[in-house]
S.K.: 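Questions regarding the structure given below will be posed in turn.
Order of the sequence lines fixes the chain letters, A, B, ..., with proteins taken first and strands second; residue numbering starts at 1 for each chain. Just so it is clear, the model here is predicted, and its values are computed rather than measured.
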Amino acid sequence: MALLARLALLAGGAWILGLTAVVLWQIAIGKISITGLLDAKEADGRLSFSPARLQLLIFTVVVAAQYLYKVFSHLGQDSLPSLPQGVVAALGGSQAVYLAGKAFSKFIQPLLENLK
Amino acid sequence: MNDPKSQDTWLRWVPVVALLLALLAVIIVFFNLSNKDPLERLTVIVGYVILILLFFFGLVVIFALARGTIDLSLLLSESGGGASMSRFQLLIFTFVIAFSIFLMIVSSKPMRFPNVPAEILTLLGISASTYAVSKGIQASNPGLDKTGKGKTTATKVEKESVEQTTQTNPPGDEP
């Protein structure tokens with residue numbers, strides 16, 4: 001049974017790493033497009049840089065990197081390391097800002113343009 | 001030069017190899033554990049068979065993803081074109097949490113599934129909800145997209161109402 005558990009772990013780990021490698025490789029070669037990741041569309045149709053998207057990207061990368069560091073520091077524990085409530089609240093706020101910007105450009109800006 | 005047909009032929013042999021390996025595992029376990037309880041033997045045999053079949057299934061999926069047979073090109077794309085930030089974030093958090101859980105399982109002695117704190121579930125819930133709401137916003141106004149095609153919803157509605165008025169009251173048909 002111990003050998004079975006080790007083989008299952010090996011297979012599962014290989015699969016997760018393989019999937020991650022495939023996705024990252026396809027992003028790197030451009031097969032999975034990330035063009036326009038930081039762009040938002042204005043009411044007049046022009047694409048422009050979106051600060052809301054940039055702040056969300058920065059926050060996501062920072063939280064993910066910090067969490068991975070915590071995991072490596074807590075190996076062997078019974079539970080995954082938890083995140084501070086403040087970080088979760090800040091993430092929620094960041095998402096809200098992003099969604100508000102998206103909703104504004106999709107619903108409010110066209111109406112303002114039509115009113116003009 | 002890789003021949004796609006030869007690669008497809010190779011992949012067709014994968015289920016056969018998987019079944020043969022599973023059968024071999026059954027025979028080996030059956031004879032190695034002949035002195036054990038039949039239920040224990042059955043448990044181990046079923047475990048090996050499931051592991052072998054799942055491993056080869058996963059292998060086929062990974063190869064299909066790598067070759068492009070399972071297309072991932074729109075994985076991060078919004079419906080109107082361009083990359084979606086909410087999808088990108090959900091992808092990053094999913095991989096980070098999955099990798100973290102795997103590391104915790106490997107490092108624990110004895111190996112066990114770790115407890116997942118409520119904050120991590122909240123994090124994933126916020127990320128998934130943002131993706132769903134973003135998709136809803138995009139879907140509610142399909143005329144707007146990043147490629148510059150299509151018109152605004154308000155303009156579309158006005159045009160449709162003008163067309164309907166023209167159809168019901170064509171010119172020259174006035175009382």
S.K.: Report yes if the side chains of B/Y48 and B/V26 come closer than 4.5 Å at any heavy-atom pair, otherwise no.
M.R.: no

S.K.: Tell me which of these, B/A98, B/S77, B/A66, has more heavy-atom pairs under 4.5 Å with chain A than the rest.
M.R.: B/A66

S.K.: Looking at B/M85, B/R87, B/K109, which makes the most heavy-atom pairs under 4.5 Å with chain A?
M.R.: B/M85

S.K.: Taking 4.0 angstrom as the limit, do A/K70 and B/E119 come out as a salt bridge?
M.R.: no

S.K.: Looking at A/L68, A/L17, A/I16, which has the largest count of heavy-atom pairs under 4.5 Å with chain B?
M.R.: A/L68

S.K.: Can you tell me which portion of B/I101 sits under 4.5 Å from chain A's heavy atoms? Options are side chain, backbone, both or neither.
M.R.: both

S.K.: Below 4.5 Å from any heavy atom of chain B, which atoms of A/V22 appear? Answer side chain, backbone, both or neither.
M.R.: side chain

S.K.: Give, as side chain, backbone, both or neither, the part of B/I126 having an atom under 4.5 angstrom from any heavy atom of chain A.
M.R.: both

S.K.: Relative to chain B, which of A/A96, A/G13, A/G12 shows the most heavy atom pairs under 4.5 Å?
M.R.: A/G13

S.K.: Between A/S82, A/A11, A/A103, which has the largest tally of heavy atom pairs under 4.5 Å with chain B?
M.R.: A/S82

S.K.: Side-chain contact test, heavy atoms from C-beta onward, threshold under 4.5 Å: evaluate it for B/L54 versus A/W15 and give yes or no.
M.R.: no

S.K.: For A/S94 and A/Q55, test the side chains for any donor-to-acceptor distance below 3.5 angstrom and give the result as yes or no.
M.R.: yes

S.K.: Do you know which of B/V29, B/V96, B/L51 has the most heavy-atom pairs under 4.5 Å to chain A?
M.R.: B/L51

S.K.: Below 4.5 Å, heavy-atom pairs only: which of B/I50, B/L75, B/L72 has the largest tally toward chain A?
M.R.: B/L72

S.K.: Please flag which part of B/L65 lies under 4.5 Å from any non-hydrogen atom of chain A: side chain, backbone, both or neither.
M.R.: both

S.K.: Taking CZ in B/F55 as the centre, count heavy atoms belonging to other residues, nucleotides or ligands within less than 6.0 Å. Is the count above 12?
M.R.: no

S.K.: Do A/Y67 and A/V87 have side chains that get closer than 4.5 Å, going by heavy atoms?
M.R.: no

S.K.: By a 4.5 Å heavy-atom criterion (distance strictly below it), what part of B/L103 contacts chain A: side chain, backbone, both, or neither?
M.R.: both

S.K.: May I ask you to name which of B/G58, B/S100, B/S108 has the most heavy-atom pairs under 4.5 Å with chain A?
M.R.: B/S100

S.K.: Could you tell me whether the side chain of B/T130 reaches within less than 4.5 Å of the side chain of B/S86, counting heavy atoms only?
M.R.: yes

S.K.: Quick one: what part of B/S129 sits under 4.5 Å from any heavy atom of chain A, side chain, backbone, both or neither?
M.R.: neither

S.K.: Could you check if a side-chain atom of B/L24 sits within less than 4.5 angstrom of a side-chain atom of B/L20, using non-hydrogen atoms only?
M.R.: no

S.K.: May I ask you to decide whether B/R112 forms a salt bridge with A/D78, counting only side-chain N to carboxylate O separations under 4.0 Å?
M.R.: yes

S.K.: Answer with side chain, backbone, both or neither: which region of A/Y98 has an atom nearer than 4.5 Å to a non-hydrogen atom of chain B?
M.R.: side chain

S.K.: Which bit of B/I97 comes within less than 4.5 Å of chain A, counting heavy atoms only: side chain, backbone, both or neither?
M.R.: side chain

S.K.: Would you say the side chain of A/L24 lies within less than 4.5 Å of the side chain of B/F95, judging by non-hydrogen atoms?
M.R.: no

S.K.: Between B/M111 and chain A, which part of the residue has a heavy atom less than 4.5 Å away: side chain, backbone, both or neither?
M.R.: side chain

S.K.: Side-chain contact test, heavy atoms from C-beta onward, threshold under 4.5 Å: evaluate it for A/L91 versus B/F93 and give yes or no.
M.R.: yes

